[in-house]
*Asks:* 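I'd like to ask you about the structure that follows.
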Number of protein chains: 2
Amino acid sequence: MNAPMSIQSCGNCGLSSMCLPLALTQPEMTQLDGIIKKSAPYRRGESIFRQGDAFTSIYAVRAGMVKTTVVNALGEEQITGFYFPGELLGLNGLHENVYAGTAIALETVSLCEIPFVKLDELSALLPELRRQLMRQMSQEIADEQNMMLVLAKTSAEEKLGNFLIRLSLRFKRLGFSATQFRLTMSRVDIGNYLGLAVETVSRTLTKLQQRGVIKVAGKEVTILDMDGLSGLNRNVDEPAKLVVVG
Amino acid sequence: MNAPMSIQSCGNCGLSSMCLPLALTQPEMTQLDGIIKKSAPYRRGESIFRQGDAFTSIYAVRAGMVKTTVVNALGEEQITGFYFPGELLGLNGLHENVYAGTAIALETVSLCEIPFVKLDELSALLPELRRQLMRQMSQEIADEQNMMLVLAKTSAEEKLGNFLIRLSLRFKRLGFSATQFRLTMSRVDIGNYLGLAVETVSRTLTKLQQRGVIKVAGKEVTILDMDGLSGLNRNVDEPAKLVVVG
DNA sequence: TCTAACTATTGATCTGGATCAATGTTCGAC
DNA sequence: GTCGAACATTGATCCAGATCAATAGTTAGA
């Protein structure tokens, strides 16, 4: 009944720290303050940038959750990520000076905007900022490679299990409960992201609940058996077979 | 019968240009020369770095093709990319100072090695190097997001079509024929990369050949109908339906 | 040159998840 | 509150691609 609460965090995120764990001196921070702009809040469904737009800025999420998508020539859309407070949007835009995807607010979202021109100047002046930016890009590359593994290899159960665990870790990092949280995104979004039909997402969540691994009530999820969730595995019954044989 | 020819390129790749399209002044190039090391050749199957190894260097491919893989907790392996001359390896390692995947030579490969410590110093001194590195990272992020779309959404035919087209574009960029080339990697590797069983790769290639879109002879591939390949689409017959209705 | 071990193709069968269909639930706007 | 639209669940059926199986072809090494 309450307005849905967006993920508020970044309490430690002054503008000057760019939502990043940066160790800067006071003059450096002052320097950043003049450049990083706090954006007006975006509402649910609004786009922050669109695929093909001229690349102008990188954004750091301050509050709320954002999804990013890419569209191919056939018009098929794929969700490429969900972004939490403290994470960076637009890192795929430096390449051709055009955003390679679209970013859409899943709830009320506020951002820091870092104009790229300025960022380039600053990179030269603030080595720690440059390093942090590269680390974040590196992290994104690693994350996406792991996502490729999930998409290519796993069953519906494994995909959902992996998805919930990764959400859990990120809520935890933000200081929220790792075992109980709200799915900001719709089932359709989850399905799109994981390469599953909505119906399969629904069925699989039900199945996991029946098995006592999680509890689902609408958007509210509770993880009851973290090991069970992370151990999801095509061959769980193989050890049992061995017992029988013996 | 001949020893398989590795992809030789980077004729324009002096060590000092790091296999990258960099516009540097002469003193800058001299500076780079002292830092970038030309590696001894790696043989087919040898690893350049392994998942979990301490991150020391970024590598630029000079000749030959490399595959990268990630392994998850269950030991499932996923090929995350094939790397051509001029492309960079190890970009996912900056994050935690550990390589987040393994790189393996698919044929005889030679590399440039750029020690990261030095790279960090240089980034401050050579803005163009820093920008280029960031562009490459950005490119990799965008590529992987597109791969997520391919993995999540497309049929076996679309996957293979997309795969062949992307190979084609890269051969073209290296100055080779865009319509006739050799698949350096095995069918198993292709299947793993695209999330398909080997048998499906084989069958689908045969099907595409029967349809006259490509010609396959072992590892040798000829693209006969580029548009047919790129237009692979679940709903190709829908326009026809409309005609019938009218 | 021969052999053993990969690598690739082709066929037969099976199945997980897509698709189609119907119903139930939630939520924002009024 | 109540209406309509979007979102979610559940059931029935179907099919693309996995898996199992057998056969070729290719390649490295003795």
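Within every chain, numbering begins at 1; the chains are lettered A, B, ... in the order of the sequence lines, protein sequences first and strands thereafter.
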*Asks:* At 4.0 Å (heavy atoms only), tell me whether B:Lys219 reaches a base, stays on the sugar-phosphate, or touches nothing.
*Replies:*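 Counting heavy atoms under 4.0 Å across all strands, the contact made by B:Lys219 is with sugar-phosphate only.
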
*Asks:* Could you please name the option among D:dT10, C:dT10, D:dG17 that lies closest to any side-chain atom of B:Thr206?
*Replies:* C:dT10

*Asks:* With heavy atoms under 4.0 Å as the rule, sort A:Ala197 into base, sugar-phosphate or nothing.
*Replies:*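 Base, at least one base heavy atom under 4.0 Å.
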
*Asks:* Tell me: CD1 of A:Ile190 to P of D:dT9, nearest whole Å?
*Replies:*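 For the pair A:Ile190 CD1 and D:dT9 P, the rounded distance is 9 Å.
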
*Asks:* Could you tell me whether B:Arg62 and B:Glu87 make a salt bridge, using a distance below 4.0 angstrom between a side-chain N and a carboxylate O?
*Replies:*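 No, B:Arg62 and B:Glu87 are not salt-bridged.
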
*Asks:* Given atom CD of A:Glu199 and atom C1' of D:dC7, what is their separation to the nearest angstrom?
*Replies:*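 The answer, rounded to whole Å, is 12 Å.
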
*Asks:* From CZ of B:Arg44 over to C1' of D:dG29, roughly how many Å is that when rounded to an integer?
*Replies:* 14 Å

*Asks:* Classify the ring geometry between B:Phe82 and B:Tyr193 as parallel (under 30°), tilted (30 to 60°) or perpendicular (over 60°).
*Replies:*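 The rings of B:Phe82 and B:Tyr193 stand perpendicular, inter-plane angle above 60°.
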
*Asks:* B:Gly191 near the nucleic acid: base, sugar-phosphate alone, or nothing, with a heavy-atom cut-off under 4.0 Å?
*Replies:* nothing

*Asks:* Contact class for B:Val188 (heavy atom, under 4.0 Å): base, sugar-phosphate, or nothing?
*Replies:* sugar-phosphate

*Asks:* Are any of A:Thr200's side-chain N or O atoms less than 4.0 Å away from OP1 or OP2 of C:dG17?
*Replies:* no

*Asks:* Remember a base hit wins even if backbone is also touched, and classify A:Leu205 as base, sugar-phosphate or nothing at under 4.0 Å, heavy atoms.
*Replies:* nothing

*Asks:* Using a 4.0 Å heavy-atom cut-off, does A:Ser186 contact any base of the nucleic acid, only the sugar-phosphate backbone, or nothing at all?
*Replies:*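 Sugar-phosphate only.
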
*Asks:* Using whole Å, what does the distance between atom C1' of nucleotide C:dT7 and atom CE of B:Met185 come to?
*Replies:*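 It works out to 15 Å between those atoms.
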
*Asks:* Once you round it to whole Å, what is the distance between P of D:dT9 and CG of A:Leu183?
*Replies:*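 The answer, rounded to whole Å, is 10 Å.
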
*Asks:* Can you tell me how the ring of B:Tyr59 sits relative to the ring of B:Phe49, calling it parallel under 30°, perpendicular over 60° and tilted otherwise?
*Replies:*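 Geometry flag for B:Phe49 against B:Tyr59: parallel rings.
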
*Asks:* Please report the distance, rounded to the nearest Å, between CD in B:Glu157 and P in D:dC15.
*Replies:* 17 Å

*Asks:* Please state how far atom CG in A:Asn192 lies from atom C1' in D:dA8, giving the value in whole angstrom units.
*Replies:*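 Taking CG of A:Asn192 and C1' of D:dA8, I get 17 Å after rounding.
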
*Asks:* Report the distance from atom CZ of A:Arg43 to atom C1' of C:dC27, rounded to the nearest whole Å.
*Replies:* 16 Å

*Asks:* Does any non-hydrogen side-chain atom of A:Glu140 lie less than 4.5 Å from one of A:Glu144?
*Replies:* yes

*Asks:* Please confirm whether any donor atom in the side chain of B:Arg203 sits under 3.5 Å from an acceptor in the base of D:dT19, or the reverse.
*Replies:* yes

*Asks:* Are more than 12 heavy atoms from other residues, nucleotides or ligands located less than 6.0 Å from atom NZ of A:Lys172?
*Replies:* no

